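The basis for the numbers below is simple: all heavy atoms, side chains too, and nothing from hydrogens, waters or symmetry mates. It should be emphasised that the depicted structure is a prediction, and the values quoted were computed from it without experimental measurement.
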Amino acid sequence: MIGGMTRFDPKQLVRAGYDAVSYRYRQDTDEPAEYLAWLADLRQRVPAGGTVLDLGCGCGVPVSRSLAAHGYAVTGVDISEVQVRRARLLVPAGTFHRADATGLDLPAATFDAVVFLYTLIHIPRDEHPGLLSRIAAWLRPGGWLLATTGATSWEGVEENWLDSGAPMWWSHSDAASYRRRITAAGLHIESEEFVPEGTAGHQLFWARKAATGVR
């Protein structure tokens, strides 16, 4: 039994975990330096007024809030009810939905960018290829994906995440696997870098959909 649940459901564990640690994970005024740099880079790639999907938006801070403040039309999606409720309060200009990212049914060629930070690592890794392909379909020609993935392969539970008493679950492959999956989804990887975190870290990818067709 994990976290009081008799039947192990990793997505339910992730949802309940973020419900429990929402404020511990991110305060209303937090502005992590690495996010600010990535968002500044995104603004150089996508003109203000563009549409952005913040997939795994959390409480809307800092990604959705920063993008909305710079004139982007932001849609946020998160599996946590608490996180989405906070996002609606903190980013009133955005549109937010509580949903499982793998179950989204969105129109093709809807977004100029998809921001997908620290979310894929909480989704069962056998669902990653299909989700990346759907993300590519949601992007307009020339659209950008900014995503963090696993850098090494691991799947498991941390029972006392952030010293909160709540468990959290991760599921990710290594960086080489994500290079293949992003490319197979029809996106061109423009750059990538390792983002350290404690004794481990994540891989950050900038990938783009071919700028063909008419918007």
Original post:
Roughly how far, to the nearest 0.5 Å, is CG of Leu146 from CG of Leu39?
Top reply: 7.5 Å

**OP:** Take Thr148 and Thr119 through the test side-chain contact (heavy atoms from CB on, under 4.5 Å) and record every step on the way to the result.
**Re:** CA-CA 8 Å; Thr148 50; Thr119 300; over 6 Å; no

Subject >> Summary of side-chain hydrogen bond (donor to acceptor under 3.5 Å, both in side chains) pairs that have at least one residue in residues 53-70, sequence neighbours excluded >> reply: Asp54-Ser64

Original post:
How far does CZ of Phe205 sit from CZ of Arg181, to the nearest 0.5 angstrom?
Top reply: 10.5 Å

Subject >> side-chain hydrogen bond (donor to acceptor under 3.5 Å, both in side chains) assessment of Arg88 paired with Thr95 >> reply: CA-CA 7 Å; Arg88 288 171 177 158; Thr95 301; over 6 Å; no

Original post:
With a 4.5 Å heavy-atom cut-off, do Arg140 and Thr51 have their side chains touching?
Top reply: yes

Subject >> Shared hydrophobic cluster for Val74 and Leu106 (ILVMFWY, side-chain gaps under 4.5 Å) >> reply: no

Subject >> Contact list for residues 120-131, test side-chain hydrogen bond (donor to acceptor under 3.5 Å, both in side chains), sequence neighbours left out >> reply: Lys11-Glu127, Tyr18-His122, Thr102-Glu127, Arg125-Ser153, His128-Tyr178

Subject >> Heavy-atom pair of closest approach, residues Ala207 and Leu187 >> reply: CB-CB, 4.0 Å

**OP:** Work out which heavy atom in Leu13 is nearest to a heavy atom in Pro167; give both atom names and the distance.
**Re:** CD2-O, 3.5 Å

**OP:** State, to 0.1 Å, how close Gln203 and Ala151 come at their nearest heavy-atom pair, and which atoms those are.
**Re:** OE1-CB, 3.9 Å

**OP:** Measure across Gly50 and Asp112 and return the closest heavy-atom pair with its distance rounded to 0.1 Å.
**Re:** CA-OD2, 3.2 Å

Original post:
Does one hydrophobic cluster hold both Val52 and Phe111, with members joined at side-chain heavy-atom distances below 4.5 Å?
Top reply: no

Subject >> Pairing residues for Glu197 by the salt bridge (Lys or Arg N to Asp or Glu O under 4.0 Å) criterion, not counting sequence neighbours >> reply: none

Subject >> Short side-chain to backbone donor-acceptor contact, Asp78 and Gly58, under 3.5 Å >> reply: yes

Subject >> Residue pair Leu104 / Val77, side-chain heavy-atom distance below 4.5 Å >> reply: yes

**OP:** Hey, could you give me each pair passing ring pair (Phe, Tyr, Trp, His ring centres under 6.0 Å) that has a residue in residues 27-64? Not counting sequence neighbours.
**Re:** Tyr35-Trp38

Original post:
Can you find a heavy atom in the side chain of His97 that is under 4.5 Å from one in the side chain of Thr75?
Top reply: yes

**OP:** Determine whether Tyr72 and Arg43 make a side-chain contact, defined as any pair of heavy atoms from C-beta on separated by less than 4.5 Å.
**Re:** yes

Original post:
For the side chain of Arg98 and the backbone of Ile79, is there at least one donor-acceptor N/O pair under 3.5 Å apart?
Top reply: yes

Original post:
Does the pair His202 and Ile121 meet the rule for a side-chain contact (heavy atoms from CB on, under 4.5 Å), with working shown?
Top reply: CA-CA 9 Å; His202 308 272; Ile121 55 176; 3.6 Å; yes

Original post:
For Leu131, does its backbone N or O pair with a side-chain atom of Ser133 as donor and acceptor, under 3.5 Å?
Top reply: no

Original post:
Given Thr183 and Arg180, is the side-chain hydrogen bond (donor to acceptor under 3.5 Å, both in side chains) satisfied, shown in steps?
Top reply: CA-CA 5 Å; Thr183 301; Arg180 293 192 295 270; over 6 Å; no

Subject >> Separation between CH2 of Trp169 and CD1 of Ile123, rounded to the nearest 0.5 Å >> reply: 9.0 Å

Original post:
What's the spacing between Leu139 CG and Leu53 CG if we round to 0.5 Å?
Top reply: 8.5 Å

Original post:
If only atom types and distance count, is the side chain of Arg208 paired as donor or acceptor with the main-chain N or O of Gly142 below 3.5 Å?
Top reply: yes

Original post:
Hey, mind stepping through Glu192 and Leu204 against side-chain contact (heavy atoms from CB on, under 4.5 Å) and telling me if it holds?
Top reply: CA-CA 5 Å; Glu192 65 177 283; Leu204 179 86; over 6 Å; no

**OP:** Could you please spell out the steps behind the side-chain contact (heavy atoms from CB on, under 4.5 Å) verdict for Val114 and Trp144?
**Re:** CA-CA 6 Å; Val114 175; Trp144 289 92; over 6 Å; no

**OP:** Flag the pair Phe116 / Leu145 as yes when at least one side-chain heavy-atom distance between them is below 4.5 Å, and no otherwise.
**Re:** yes

Original post:
Who pairs with Arg15 by salt bridge (Lys or Arg N to Asp or Glu O under 4.0 Å), at least two apart in sequence or on another chain?
Top reply: Asp19

Original post:
Trp154 and Met168: same hydrophobic cluster, using ILVMFWY side-chain contacts below 4.5 Å?
Top reply: yes

**OP:** On the 0 to 90° scale, with breaks at 30° and 60°, tag the Tyr25-Trp161 ring pair as parallel, tilted or perpendicular.
**Re:** tilted

Subject >> Heavy-atom closest contact (Ser164 atom, Val21 atom, distance) >> reply: OG-CG1, 3.2 Å

Original post:
Does Ala136 offer a backbone N or O that forms a donor-acceptor pair with the side chain of Lys209 under 3.5 Å?
Top reply: yes

Original post:
Among the clusters formed by ILVMFWY side chains lying less than 4.5 Å apart, do Val61 and Val84 turn up in the same one?
Top reply: yes

**OP:** Write out all pairs satisfying salt bridge (Lys or Arg N to Asp or Glu O under 4.0 Å) with one or both partners inside residues 23-35, taking only residues at least two apart or from two chains.
**Re:** Asp28-Arg86

**OP:** Might you point out which heavy atoms bring Leu90 and Cys59 nearest each other, and give the distance in Å?
**Re:** CD1-O, 3.5 Å

Subject >> Hydrophobic cluster identity match, Trp206 and Ile182, side-chain contacts under 4.5 Å >> reply: no

Original post:
If we only count heavy atoms from C-beta on, is the Phe96 to Arg85 side-chain gap below 4.5 Å?
Top reply: no

